[in-house]
Amino acid sequence: MLLAADGAVRPVLVAILLLASPAWAQKPAPRRVALERVVQLLQSRAGHEIAQRALVQARAAHGAGKASPFEQRLLRDAWRLQHLDRHRQRLVDPRGKRGWQRFNRRGLHEHRAATSLLNSLGAAVVLEREAYHPQPVRGPERKVAYLDLDRVQKRYGKGAAALVEALLGTDKLGDKGGSGAGESISWWTGLNGVDPKIARALSDPASLKPHMPAIGWAVKRFGSLEGKLKGALVRWPLRGNTLGLLGDTGLPLSNTVVWGDKDHFTDPRVAVAARALDRKLGLRGAPAHEDHRFIERWIRGNLRKLTAAEKRSTRPLFLISDDGGHLVEAVADVLSKHPDLLRYAHLFAGVEQTSSGSDRLAKKKLPFKVISWARSEGKTYSGGLMWSYAVVSQAARNMQRLARQGVHFGRDKAVVLGAGAMGRAATQWLRYLGFKRIELWDKDPALRKQYKLRDDKIEVLADADLVLSFTSGNRSLGKETLEAYVARGKKPKSQLWVNGGSPTEIGKLSAKRLRPRGLRTDRAGTLSALWDGGKRVTIGRRSDGPDLDRFVEHKGWRVVSLRDGRVANGQSTIGGVRHSLFERSGAMFYGNQPLDRRVNDPVTGYAIQFELAMMHLSHLHALGLSSEGGARAVAGNANLLALPAGPGSRQQEMVHAAMSLGTNLMIAEQTNAKGHFFIW
């Protein structure tokens with residue numbers, strides 16, 4: 001009986017009933033969305049438009065004296081970005097308060113509204129340990145950043161919450177023109193000028209750095225660098241897996257300097273996360289080949305700290321790890337220029353991982369030993385197979401994406417520029433895409449003779465439907481190619497050019513006379529143009545730093561040029577939260593949640609793991625910490641050596657590991673049930 005004699009409810013019984021109720025015992029689940037997802041949506045066309053409208057309305061309300069606290073905050077953030085845009089300068093040292101945010105070469109005014117909105121929501125961001133998944137997270141403890149919608153409403157009111165709800169609603173609508181709302185997120189624009197709290201939330205090292213068992217295996221199998229080095233100079237593309245190589249292999253972070261001038265892969269988050277690894281880690285944004293004064297100061301300062309016995313060491317104490325040859329070249333120039341430094345050149349050792357950098361160094365007089373992994377079997381065989389697979393598969397997906405909009409390219413002939421390891425491997429993968437003719441070309445006459453290639457590049461290119469470039473900055477494509485087509489009287493057609501590596505593989509295509517009808521880029525960085533019959537189509541994005549997608553026309557010729565050498569960090573995003581792609585078994589599942597192979601290409605992740613594990617092995621070999629001999633000179637340069645790859649060698653062991661990780665997976669994915677290449 002709950003009622004008293006007078007019909008009133010007994011308070012004690014009511015309290016007991018409420019305490020026993022599941023609704024009372026369980027707190028309502030917080031309304032949260034992953035912060036990375038919010039950034040992605042703000043980078044979409046619809047997200048930019050919502051942010052822009054909010055800023056316009058805030059200005060109108062302020063003018064009428066009716067601006068809400070949230071609108072006032074939004075206007076303050078927009079003004080701050082405008083002020084920062086006026087005082088931008090080239091990044092030199094991201095340790096400054098705003099330095100790391102200047103990685104972006106584009107003006108902040110192009111995305112000020114979206115970034116202002118992101119900053120204004122910063123007070124409602126929370127960090128939580130990732131602990132709700134069915135399997136424990138491998139590697140360091142991750143902290144995931146969320147935007148708490150209840151906090152937004154409590155702090156800023158219903159209007160601000162409704163604005164966020166409208167932004168989240170764009171996720172279901174998608175972009176017009178066949179591009180998803182969160183597709184091709186541009187961290188260049190998304191993070192330039194963000195509030196420090198947002199930056200830290202998005203740059204947590206444990207969240208940004210993927211789990212990379214290949215590096216762990218290589219360190220356990222071959223040894224760590226910890227305690228065996230006095231210092232290191234590093235020039236790598238700044239990306240999430242860079243943190244893995246820095247933090248897991250034993251590099252002396254307190255005396256390591258990392259150059260971030262490989263800006264076509266630079267992710268501004270990495271600069272923040274790298275600083276969190278070790279507060280003494282040095283970061284440089286100036287081009288390495290122009291940074292001689294700093295390099296000289298670093299060398300002299302380190303030599304002064306050495307004892308007399310250390311200066312007589314028979315094993316190098318300082319590592320120069322390079323991507324492109326510019327840093328090794330700069331250190332060699334500094335040592336050679338100063339006789340008092342040159343006498344200590346034996347204390348330095350270098351590693352180079354690119355073919356173009358290896359070719360550059362082969363022509364130099366090097367005062368210390370340099371290991372060229374680029375000219376070793378590992379990169380020329382297994383690495384080439386996996387990287388070319390990734391580029392060809394991405395090209396195929398882009399062809400499908402464009403075809404859905406009515407932008408069709410033929411499947412008759414494909415041409416691969418660059419007869420190196422990746423180019424030769426790409427010709428094999430292209431056979432599964434249905435091309436009837438596949439032709440390889442290289443600018444080197446010796447390679448053309450070796451592989452029986454035609455000499456006339458224009459004759460080879462002119463009738464191609466798809467052109468893949470693996471030419472490492474040789475600019476084999478560009479407006480000169482289009483002009484040659486016309487000058488030679490070739491019949492006009494539409495071609496898809498895919499840049500498989502460095503952004504400098506394709507020359508200038510920015511001349512006004514090459515611009516097609518209706519070419520434009522919106523605030524989200526989405527590039528669109530008019531195709532057959534005046535239909536507007538989305539070509540790609542123009543906001544990822546220098547990695548520009550392009551569309552040009554020249555006297556009937558039409559070229560869509562895509563920068564497809566994307567970098568995968570070996571991780572996936574499920575529900576906006578980053579996870580590892582790889583378990584010990586190589587399984588493609590995290591707990592019970594399947595990964596989408598159309599988005600998360602596992603082969604690219606395996607290739608990166610193999611590349612970084614081989615870099616670690618190269619570091620050990622360069623420093624004399626490997627017992628193997630038999631390294632061979634590259635191009636006759638006695639100080640530029642390729643790793644040995646004979647039976648039983650450590651490199652062969654790494655190659656076998658890569659084959660078991662990545663190549664077997666490629667073979668398994670060559671055909672699906674319908675006999676078509678790749679998993680769409």
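Start at 1 with the first residue, then count along the sequence. Model, not experiment: these values are computed from the prediction.
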Residues R73, Y156; criterion side-chain contact (heavy atoms from CB on, under 4.5 Å); working and verdict: CA-CA 10 Å; R73 171 69 184 269; Y156 295 123; 3.3 Å; yes
Pair L623-K228, side-chain contact (heavy atoms from CB on, under 4.5 Å): steps then yes or no: CA-CA 9 Å; L623 294 168; K228 300 167 185 175; over 6 Å; no
Full working for side-chain contact (heavy atoms from CB on, under 4.5 Å) between S618 and Q353: CA-CA 9 Å; S618 301; Q353 67 162 324; over 6 Å; no
Stepwise side-chain contact (heavy atoms from CB on, under 4.5 Å) test for L229 and H619: CA-CA 11 Å; L229 268 177; H619 291 165; over 6 Å; no
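Within the 4.5 Å cutoff, no side-chain heavy atoms of D278 are placed close to those of T256. Between F470 and V498, every side-chain heavy-atom pair lies at or beyond the 4.5 Å cut-off. Side-chain contact check for L347 versus K230: every heavy-atom pair is 4.5 Å or farther apart. Side-chain contact between V39 and I198 is absent, with no heavy-atom pair separated by less than 4.5 Å. You'll find the side chain of R200 stays beyond 4.5 Å of the side chain of L127, heavy atoms only. Residues T242 and V234 fail the side-chain proximity criterion, which asks for heavy atoms closer than 4.5 Å. Looking at D195 and D77, their side chains never come closer than 4.5 Å, going by heavy atoms from C-beta outward. The side-chain heavy atoms of N119 and R80, taken from C-beta on, include a pair separated by under 4.5 Å.
Residues A123 and R155 come closest through the heavy atom pair CB-NE, 3.3 Å. Across A330 and I295, no two heavy atoms sit closer than the pair CB-CD1, 3.7 Å. Taking both residues in full, the closest heavy atoms of T170 and L41 are given as OG1-CD2, 3.8 Å, listed atom of the first, atom of the second, then distance. Minimum interatomic distance between P237 and D323 (heavy atoms only, all atoms of both residues): CD-OD2, 3.7 Å. The shortest heavy-atom contact between A124 and V152 is CB-CG2, 3.5 Å. Between L527 and D549, the shortest heavy-atom contact is CD2-O, 3.5 Å.
Remark: F348 engages F318 in a ring pair (Phe, Tyr, Trp, His ring centres under 6.0 Å) (not counting sequence neighbours).
Around CZ of R221, the count of heavy atoms belonging to other residues, nucleotides or ligands within 6.0 Å does not exceed 12. Dense packing is recorded around CD of E165, with more than 12 heavy atoms of other residues, nucleotides or ligands lying under 6.0 Å away. Counting heavy-atom neighbours within 6.0 Å of K154 NZ, excluding the residue itself, gives a total of 12 or less.
We find the CG-CG distance between L149 and L121 to be 9.5 Å, quoted to the nearest 0.5 Å. Within the model, atoms CG of L35 and CG of L202 stand 4.5 Å from one another, a figure rounded to the nearest 0.5 Å. How far CD of Q52 is from CZ of R112: 9.0 Å, rounded to the nearest 0.5 Å.
Although no hydrogens or angles enter the test, the distance criterion places a donor-acceptor pair under 3.5 Å between the side chain of R360 and the main chain of G324. The backbone N or O of L42 lies less than 3.5 Å from a partner atom in the side chain of H48, making a donor-acceptor pair. Of the possible donor and acceptor atoms, none in the side chain of T249 sits under 3.5 Å from a partner among the backbone N and O of L225. H616 places no side-chain N or O within donor-acceptor distance of the main-chain N or O of S224, the cut-off being under 3.5 Å. One N or O on the side chain of N302 and one on the backbone of W298 form a donor-acceptor pair closer than 3.5 Å. Without hydrogens or angle criteria, E352 side chain to G325 main chain gives a donor-acceptor distance under 3.5 Å.
Among the candidates V270, D322, L246, the single residue satisfying the side-chain contact (heavy atoms from CB on, under 4.5 Å) test with W236 is L246.
No salt bridge links R235 with E329; every basic N to acidic carboxylate O contact stays at or beyond 4.0 Å.
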